[in-house]
There are 2 protein chains.
Amino acid sequence: MDPSQMLSRSEDAEQFLKQLSNKTRLMVLCSLLDGERSVTELLDKVPVTQPVLSQHLALLREAEFVATRRSGQTIYYRLADERITQIMNLMYTFFCAED
Amino acid sequence: MDPSQMLSRSEDAEQFLKQLSNKTRLMVLCSLLDGERSVTELLDKVPVTQPVLSQHLALLREAEFVATRRSGQTIYYRLADERITQIMNLMYTFFCAED
DNA sequence: ATGTAATATTAGTTAAAGCTAATGTTAGGG
DNA sequence: CCCTAACATTAGCTTTAACTAATATTACAT
């Protein structure tokens, strides 16, 4: 591969991985692996304050890793990027698979 | 999964991903996908100064993502973690695969 | 219209990552 | 022994990520 292309692709990959490299965001994404969840449900699983969770959700939305659906006052989040699903499944096997 | 276990595993995963989330380290690891390379060879592929490359190599060594072999004054680096091989192959398909 | 539940945003501070510049180590050649 | 090549380390500075605290928005019920 030509050097400038390698650089620009590694910059894209860096950006992608950085957006993933946070325990709160990983817990959120992991929780979404088996379907959509509301913010309140996520708050119940992820040990952070509401504003902090909301900040991380904003980042995941901007990255388009997740998408939302509103139902009344409740907002449901779901995975929206096939790459995220794949990499989260891989991370699950690395860090969460049974012995 | 119990909440404290989920937290500690996501902390491990965060650490793992952060060590990967850098364009220079990604270029190095990508270059090692098809075999070992000396520092000089890596310098030829990766557009950074020698001390910066060396700092990133030190981090990759401490993370045990890579291992080294010395031959005279030359030090050869190779991949040393199967998880890295897997995830780098995945990143390659996401960011570098031919349309 | 007022109140409350659910969620989002903004400003300010702190901590961690990455760079530059200088210097150190190790191995081999003359 | 001295010099050079190959590589590593350290200190100081700058940038970026993440948290806290306070406040704002949106939807629904009374």
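In the text below, chain A, chain B and the rest are named by the order of the sequence lines, each starting its count at 1.
Taking atom NZ on B:Lys23 and atom P on D:dT15, their separation rounds to 14 Å, with Å as the unit. Distance CD (A:Glu41) to C1' (C:dA5): 15 Å, rounded to an integer number of Å. Between A:Lys18 atom NZ and D:dA18 atom C1' the separation is 14 Å, expressed in whole Å. Rounding to whole angstrom units, CD of residue B:Gln19 and P of C:dG18 are separated by 10 Å. Between A:Glu36 atom CD and C:dT7 atom C1' the separation is 16 Å, expressed in whole Å. Whole-Å rounding puts the A:Leu43 CG to C:dA5 C1' distance at 13 Å. A:Leu17 has its CG atom 15 Å from the P atom of C:dA17, to the nearest Å. Across the protein-nucleic acid pair, B:Gln73 atom CD and D:dC3 atom P stand 16 Å apart, rounded to whole Å.
Among D:dA5, C:dT7, C:dG18, the nucleotide with an atom closest to any side-chain atom of B:Leu59 is C:dG18. Residue A:Val52 places its side chain closer to D:dT20 than to any other of D:dC7, C:dA8, D:dT20. When the nucleotides D:dA8, C:dA8, D:dC19 are ranked by their closest atom to the side chain of B:Leu57, D:dA8 comes out on top. Closest to the side chain of A:Thr74, from the set C:dT7, C:dG18, D:dA6, is C:dT7. Minimum atom distance to the side chain of B:Ala58 is reached by D:dT9, of the listed D:dA6, D:dT9, D:dT20.
Between A:Glu41 and A:Lys45 there is no salt bridge, since no side-chain nitrogen of the basic residue lies less than 4.0 Å from a carboxylate oxygen of the acidic one.
For a distance-only test at 3.5 Å, the side chain of A:Gln50 qualifies as a donor-acceptor partner of the base of C:dA8. Taking 3.5 Å as the limit, the base of C:dT10 and the side chain of A:Gln55 contain a donor-acceptor pair of atoms between them.
In this structure, A:Asn22 reaches the D:dA18 phosphate: one of its side-chain N or O atoms is under 4.0 Å from OP1 or OP2. Taking 4.0 angstrom as the limit, B:His56 places a side-chain polar atom (N or O) nearer than this to OP1 or OP2 of C:dC19. Residue B:Arg61 places at least one side-chain N or O closer than 4.0 Å to OP1 or OP2 of D:dT9. Taking side-chain N and O atoms only, B:Tyr77 has a distance below 4.0 Å to OP1 or OP2 of D:dA8.
Between B:Glu62 and A:Gln15, the residue anchored closer to the 5' end of DNA chain D is B:Glu62, taking for each the nucleotide with the nearest heavy atom. Mapping A:Arg70 and A:Val48 onto DNA chain D via the closest heavy atom, the residue that lands nearer the 5' end is A:Val48. Between A:Ile75 and A:Glu14, the residue anchored closer to the 5' end of DNA chain C is A:Ile75, taking for each the nucleotide with the nearest heavy atom.
Counting non-hydrogen atoms of other residues, nucleotides and ligands closer than 6.0 Å to CD of B:Gln86 gives a total above 12.
For the side-chain contact (heavy atoms from CB on, under 4.5 Å) test with B:Ser10, the passing option among A:Lys23, A:Met91, A:Arg25 is A:Lys23; the others fail.
Remark: B:Arg9 is not positioned above the aromatic ring of A:Phe95, lacking an NZ or CZ atom under 6.0 angstrom from the ring centre and at most 45 degrees off the axis.
Residues B:Cys30 and A:Met6 share a closest heavy-atom pair of CB-CE, 4.3 Å.
With ring centers used as reference points, B:Phe65 lies 6.0 Å or more from B:Tyr77.
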